[in-house]
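Below is one structure, written out as structure tokens; comments come after it.
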Amino acid sequence: MADLPLEGRLALVTGASRGIGAATAIALAATGAHVVITARTASALEEVEETIFAAGGSATIAPLDLTETDAIARLAAAVGERWQALDVMVLNAGMLGSLSAVPAIDPKEFAQVLTLNVSAQGAMIAAFDPLLRRAKAGKVIGVTSSVGRDPRAYWGAYGASKAAFETLLGAYGDEVEQLGRTRVAILDPGATRTKMRARAYPGEDPQSVKDPAIVAECIVRLAVDGFPAGHRERVG
């Protein structure tokens with residue numbers, strides 16, 4: 001029988017309908033974890049679920065929009081009714097928005113970016129913190145971007161949201177370090193073959209950047225092996 005280091009554990013992955021999220025869900029399921037996968041598009045989640053089932057894994061789909069009022073609370077309540085603890089939470093969902101000069105940023109779209117990339121992430125942490133604390137070693141892994149730390153022209157809106165996201169995660173990690181066994185890591189996937197990347201770099205050859213499966217392997221390693229408090233990592 002294959003080694004299943006996360007057998008009997010529960011993982012939750014946001015933005016799991018495609019790209020890094022889908023690859024991560026599939027990879028976590030391959031280690032024996034039952035994976036709750038969330039995204040807005042039910043049909044795409046079903047495809048990921050079918051891939052997991054075909055490989056002998058198990059998953060539960062939870063289609064929802066993380067920016068909707070009470071959606072996250074409902075998800076946490078549903079998970080809490082079925083499982084006693086959450087072992088791994090991968091915060092991958094995010095919105096790029098339009099790339100534009102700072103003076104030209106559309107306020108309405110900027111608010112949407114901040115809602116999903118920051119406010120919804122804080123709500124996820126708040127809603128699932130009790131379940132993470134019940135795990136033997138709860139792990140939160142947040143997917144970020146280099147522009148959150150290194151400002152780049154025309155990436156102001158997205159970069160600002162990722163900077164806030166990192167600060168939020170870092171603060172939570174600092175808070176839980178002394179309170180229990182929950183640990184928080186921030187992962188920068190680097191250039192990866194995703195739809196978001198293709199939108200940001202329309203002229204780029206997709207084959208010139210790495211497959212999402214490579215990022216997923218890194219996330220699974222962190223989930224299985226663990227990591228020190230305040231861990232940051234860049235893939236490739």
Side-chain angles (χ1 to χ4, degrees), residues 1-39 41-64 72 75-93 124-125 127-143 169 173 176 180-187 189 192 194 210-229 231 233 235-236:
M1 181 179 292
D3 181 34
L4 299 174
L6 295 182
E7 187 171 15
R9 307 291 178 85
L10 179 68
L12 186 153
V13 182
T14 66
S17 61
R18 65 191 186 200
I20 292 171
T24 297
I26 292 166
L28 285 169
T31 69
H34 182 86
V35 187
V36 177
I37 53 178
T38 76
T41 309
S43 59
L45 286 176
E46 289 168 357
E47 291 180 8
V48 176
E49 182 186 42
E50 289 174 5
T51 300
I52 290 172
F53 286 166
S58 63
T60 298
I61 67 171
L64 82 165
I72 292 172
L75 175 62
V79 172
E81 287 177 2
R82 183 170 174 184
W83 292 280
Q84 294 297 313
L86 177 60
D87 300 281
V88 180
M89 182 165 72
V90 181
L91 297 175
N92 168 71
M124 285 290 295
I125 291 170
F128 286 97
D129 176 68
L131 284 171
L132 288 162
R133 289 174 186 264
R134 292 176 198 162
K136 291 182 179 179
K139 301 177 183 69
V140 178
I141 302 168
V143 180
L169 277 176
V176 297
R181 292 162 295 194
T182 303
R183 293 293 178 264
V184 178
I186 297 175
L187 182 78
T192 307
T194 64
K210 62 181 168 296
D211 190 280
I214 295 174
V215 181
E217 290 174 4
C218 182
I219 293 174
V220 168
R221 172 176 53 77
L222 293 174
V224 172
D225 298 340
F227 46 83
H231 182 71
E233 187 167 334
V235 185

Between Thr24, Ile61, Leu12, which is the residue that forms a side-chain contact (heavy atoms from CB on, under 4.5 Å) with Ile37? Ile61

Supply the atom-to-atom distance Thr60 OG1 to Ile52 CD1, rounded to the nearest 0.5 angstrom. 9.5 Å

Would you say that Thr41 contacts Arg18 through its side chain, given a criterion of any heavy-atom pair below 4.5 Å between the two side chains? no

Measure the spacing between CG of Leu187 and CG of Leu91 and express it to the nearest 0.5 Å. 12.0 Å

Any donor and acceptor pair, going by atom type alone, linking the side chain of Arg9 with main-chain N or O of Ala33 inside 3.5 Å? no

Could you state the interatomic distance from OG1 (Thr182) to CG (Asp129), rounded to the nearest 0.5 Å? 6.5 Å

Applying side chain to side chain contact (heavy atoms under 4.5 Å, CB included), run through Lys210 and Val235 and close with a yes or a no. CA-CA 10 Å; Lys210 62 181 168 296; Val235 185; 3.7 Å; yes

When rounded to the nearest 0.5 angstrom, what distance separates CD1 in Ile214 from CD1 in Ile219? 12.5 Å

Shortest non-hydrogen separation from Leu64 to Ile72 and the atoms involved: CD1-N, 4.3 Å

Where is the tightest heavy-atom contact between Val36 and Ala62, given as atom of each residue plus distance? CG1-CB, 4.3 Å

Report yes if some heavy atom in the side chain of Met124 is under 4.5 Å from a heavy atom in the side chain of Val140; otherwise report no. no

Check: Lys139 side chain, Ala185 main-chain N or O, donor-acceptor pair, under 3.5 Å: no

Tell me the closest heavy-atom pair linking Gln84 and Arg134, and the distance in Å. O-CD, 3.1 Å

Sorted by chain and residue number, the side-chain hydrogen bond (donor to acceptor under 3.5 Å, both in side chains) partners of Glu233 (sequence neighbours excluded) come out as Arg221, His231

Heavy-atom pair with the smallest gap, counting every atom of Pro63 and Ala42: CG-CB, 3.8 Å

Can you measure from CG (Leu169) to CD1 (Ile125) and round to the nearest 0.5 angstrom? 5.0 Å

Heavy-atom pair with the smallest gap, counting every atom of Ser17 and Ala22: C-CB, 4.0 Å

For the atom pair CG (Leu6) and OG1 (Thr31), what is the distance rounded to the nearest 0.5 Å? 3.5 Å

What heavy-atom pair brings Val35 and Ala25 nearest, and what distance separates the two atoms? CG2-O, 3.7 Å

Between Thr14 and Asn92 (side chain of the first, backbone of the second, donor and acceptor by atom type, cut-off under 3.5 Å), is there such a pair? yes

Which residues pass the side-chain contact (heavy atoms from CB on, under 4.5 Å) test with Arg183, not counting sequence neighbours? Glu177, Phe227, Ala229

